[in-house]
Every structure is written in structure tokens, then in C-alpha cells.
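Have a look at the structure below, then the notes.
Start at 1 with the first residue, then count along the sequence.
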Amino acid sequence: AGVNRPGFQWHPAQRQTEDNFVRIREWGANTVRIPLSQGFWLTGSASHDPAYRHSVEQSVRWARGQGLNVVLDLHYSDGGDLSMPMAMGQRMPDRNSVRFWREVALQYGNDGGVMFDLYNEPRDVSWSVWRNGGPSGDGYDAVGMQELYDVVRSTGARNLIIVNGLNWGYDLSGLPAHALDGYNIVYGTHLYPFEGKRPEDWQRSFTFLADRYPLFIGEFGTFDCSTGYLNDVLALADDHDISWTAWAWFTEDVPREQLC
């Protein structure tokens with residue numbers, strides 16, 4: 001059980017402090033998911049910040065110092081265009097994402113308490129493209145989840161790897177037909193109360209896999225601060241032994257509608 005600690009996907013110099021992770025641990029979490037941007041990370045990118053890797057590393061060190069597991073999530077990408085001023089949430093990862101994961105795996109592959117969430121919310125491609133890559137539909141070639149998995153393993157890293165489904169990270173119905181080849185793989189879903197993502201939809205979308213694969217709810221939340229949907233998600237997680245990180249742990253001045 002844990003929380004997302006957003007920020008590093010939006011700003012390279014995110015104001016995170018050691019106290020954030022102390023309080024997350026005191027709250028009872030054992031895991032924190034940290035969203036990242038390949039634009040800030042990669043040298044040669046228009047938005048690259050030389051201090052970004054150190055800032056991320058410091059937050060990981062603080063979290064691990066509190067005994068927290070860390071999920072590093074590739075949240076924003078650039079469609080293969082390093083000149084993009086600001087990486088955003090594209091449909092799928094790209095060639096630059098391959099370099100991102102090679103570098104991240106080389107840096108954190110010796111820490112089994114760090115997990116790699118390959119891509120935040122894949123969407124609007126076929127299951128074949130999701131797994132194996134191909135035309136993104138947005139003018140660039142998408143890199144599939146199998147290739148990202150393979151590049152992590154090519155570094156010698158044996159860390160757990162999280163692979164989110166389609167429909168903004170929600171849908172895993174393409175499994176097992178399109179399951180990845182490999183080991184230490186966890187399949188992820190994101191749960192928000194949109195049409196088609198309500199409790200009556202969960203069995204056909206992902207819970208049918210719970211006895212076959214480890215599952216992870218990487219994000220869940222509501223938009224009006226109501227608790228009914230949240231309680232349903234937590235009950236689901238308990239019933240099927242599914243790990244989760246809630247969206248999200250904010251400490252900045254954020255409009256209330258973004259906190260719910």
C-alpha cells in the first residue's frame with residue numbers, strides 16, 4: 001500500500017524534502033510511486049535539466065532511507081522528438097524512452113527496492129503495437145512494452161517491472177494473448193470512475209487475471225472527494241491481494257479540484 005508523490009513529471013526542480021517521505025511512512029505506506037519525465041532526464045532534450053537526475057536520486061535515497069519501496073514511473077515522453085519544449089503524456093513510448101530506461105536501469109538496477117513502471121498510461125493503439133511497437137497514430141513509431149522490458153534486462157537489472165494496460169493504463173483484457181516474455185513482471189491498472197471503468201467493469205478488464213499474474217493499481221482516485229469508489233477499489237485490492245499506490249500525496253499549494 002502506498003501513494004504517488006507527483007512533481008518530477010512537471011518540474012525538474014520539484015520541491016521534495018526528506019520530511020515528505022518521513023510523513024508518507026508515518027501514514028502507513030510502504031511504497032511511493034514517483035512520476036518522471038524523459039525530457040528533463042535525457043541529455044540533448046530541449047527541456048533537459050542537468051540537476052534532474054541528482055534531484056530524483058536524492059528523493060529515492062530519502063524514500064529508501066525510510067524503508068519505502070520506490071516505483072519509478074515514466075510519466076511523460078516526447079514522441080521521439082528531443083526538440084519538444086516539454087515532454088507530455090503521449091500515447092506510447094518512443095525511441096528516446098529506450099535510452100531513458102537503459103540509463104535508469106543502469107543507475108538503480110542494483111537496488112531491488114526500486115521498481116520500474118515502463119509507461120504511465122498507454123492508449124489508442126492495438127494490442128500488437130502495445131506489445132511489439134509500430135505506428136503510434138501520432139506520426140512517430142511507438143516502442144512496445146517488450147522492447148522496454150528487454151532494454152532494462154539487458155543492463156543486468158532484475159528489478160520488478162510494471163507494465164500498464166491500454167485505455168489510459170486501465171485495460172488488461174489483451175492478456176494473456178499479448179503477455180510479455182520475461183520474469184519479475186507485474187501488470188498495472190489505473191482506476192478512476194470514468195464510464196467503463198466502474199466496479200461492474202473490472203472483472204472483464206483485469207481482475208480475471210488476478211490468479212495468473214501479479215497486479216498493481218498504480219493510480220486511483222475520484223474527482224469530487226467522494227469515498228464510495230475509493231472504498232470499492234480498496235475492497236477489490238483486499239479481495240484479490242492487489243498492491244496499490246493512491247493518487248496522490250501533495251504538499252504544494254494545489255487547487256482543491258486537483259487534490260480530490
Side-chain angles (χ1 to χ4, degrees), residues 1-38 40-41 51-76 87-89 104 108 111 113-121 159-160 162 164 168-170 186 188-194 197 215-238 242-260:
V3 294
N4 284 262
R5 178 62 179 99
F8 278 128
Q9 76 273 41
W10 297 319
H11 304 290
Q14 173 60 23
R15 293 173 298 170
Q16 299 199 20
T17 67
E18 186 171 12
D19 185 62
N20 294 165
F21 300 100
V22 171
R23 292 179 180 275
I24 288 171
R25 184 61 175 163
E26 288 176 347
W27 178 73
N30 60 24
T31 303
V32 60
R33 182 173 181 259
I34 301 177
L36 302 178
S37 165
Q38 72 185 35
F40 299 141
W41 180 280
Y52 187 68
R53 296 188 195 197
H54 173 73
S55 297
V56 172
E57 181 182 8
Q58 187 175 56
S59 288
V60 172
R61 188 165 58 248
W62 284 332
R64 298 292 291 131
Q66 292 301 315
L68 293 164
N69 299 308
V70 174
V71 177
L72 295 178
D73 150 50
L74 177 51
H75 210 82
Y76 282 170
M88 298 297 290
V104 171
Y108 295 101
D111 186 349
V114 177
M115 294 164 273
F116 302 145
D117 191 333
L118 295 182
Y119 201 66
N120 180 48
E121 292 183 338
N159 309 55
L160 285 177
I162 298 166
N164 298 319
W168 300 85
Y170 163 75
V186 178
T189 185
H190 291 185
L191 300 180
Y192 295 97
F194 294 109
K197 300 182 180 182
L215 300 179
F216 173 61
I217 303 170
E219 293 183 19
F220 67 98
T222 62
F223 309 109
D224 58 4
C225 295
S226 60
T227 59
Y229 188 81
L230 303 181
N231 290 334
D232 288 338
V233 172
L234 294 175
L236 168 83
D238 287 344
I242 299 174
S243 300
W244 52 265
T245 48
W247 189 271
W249 185 285
F250 288 97
T251 62
E252 296 79 17
D253 293 330
V254 179
R256 180 175 176 81
E257 61 269 18
Q258 294 184 30
L259 292 174
C260 299

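- Taking the six-membered ring where the residue is Trp, Trp249 and Trp27 present perpendicular rings, their angle passing 60° and hence far from 30°.
- Exactly one of Thr31, Val186, Asn159 qualifies for a side-chain contact (heavy atoms from CB on, under 4.5 Å) with Met115. That residue is Thr31.
- Side chain of Asn120 to backbone of Tyr76: no donor-acceptor contact under 3.5 angstrom is found.
- Nearest heavy atoms, Gly218 versus Asn4: O-ND2, 2.9 Å.
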Requested in this report: Check step by step if side chain to side chain contact (heavy atoms under 4.5 Å, CB included) holds for Asn20 and Arg5.
Outcome: CA-CA 9 Å; Asn20 294 165; Arg5 178 62 179 99; 3.2 Å; yes
**Report entry** Full working for side chain to side chain contact (heavy atoms under 4.5 Å, CB included) between Leu74 and Val104
**Finding:** CA-CA 10 Å; Leu74 177 51; Val104 171; over 6 Å; no
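- Paired with Arg33 under the rule side chain to side chain donor-acceptor pair (under 3.5 Å), one option of Asn69, Asp73, Thr245 passes, and it is Asp73.
- A donor-acceptor distance shorter than 3.5 angstrom exists from the side chain of Asn30 to the backbone of Ala1, with no hydrogens or angles considered.
- Rounded to the nearest 0.5 Å, atoms CD (Gln14) and CD (Gln9) are 8.0 Å apart.
- Using a distance-only test at 3.5 Å, with no hydrogens or angles considered, no donor-acceptor pair links the side chain of Asn164 to the main chain of Glu121.
- Between Ala29 and Gly2, the shortest heavy-atom contact is CB-CA, 3.8 Å.
- Using modelled atom types and a 3.5 Å distance limit, the side chains of Ser226 and Asp224 yield a donor-acceptor pair.
- Although no hydrogens or angles enter the test, the distance criterion places no donor-acceptor pair under 3.5 Å between the side chain of Asn231 and the main chain of Gly228.
- With hydrogens and angles disregarded, no donor-acceptor distance shorter than 3.5 Å links the side chain of Asp117 to the backbone of Val71.
- Distance check: Leu191 CG to Thr222 OG1 gives 12.5 Å after rounding to the nearest 0.5 Å.
- Nearest heavy atoms, Gly221 versus Pro193: O-CD, 3.2 Å.
- Rounded to the nearest 0.5 angstrom, Phe21 CZ and Gln66 CD are separated by 9.5 Å.
- None of Trp244, Trp247, Tyr192 except one satisfies the side chain to side chain donor-acceptor pair (under 3.5 Å) rule with Glu219; the exception is Tyr192.
- Residues Phe223 and Phe194 place their aromatic rings such that the two centres sit under 6.0 Å apart.
- Relative orientation of the Tyr52 and Trp41 rings is perpendicular, given thresholds of 30° and 60° on the angle between their planes.
- The distance from atom OG1 of Thr189 to atom CH2 of Trp168, rounded to the nearest 0.5 Å, is 14.5 Å.
- For the atom pair Glu18 CD and Gln58 CD, the distance stands at 8.5 Å (nearest 0.5 Å).
- In Arg23, the CZ atom is not crowded: 12 or fewer heavy atoms of neighbouring residues, nucleotides or ligands sit closer than 6.0 Å.
- Atom CD of Gln16 sits about 4.5 Å away from atom CZ of Phe8, to the nearest 0.5 Å.
- Looking at Tyr108 and Glu57, their side chains never bring a donor and an acceptor atom within 3.5 Å of each other.
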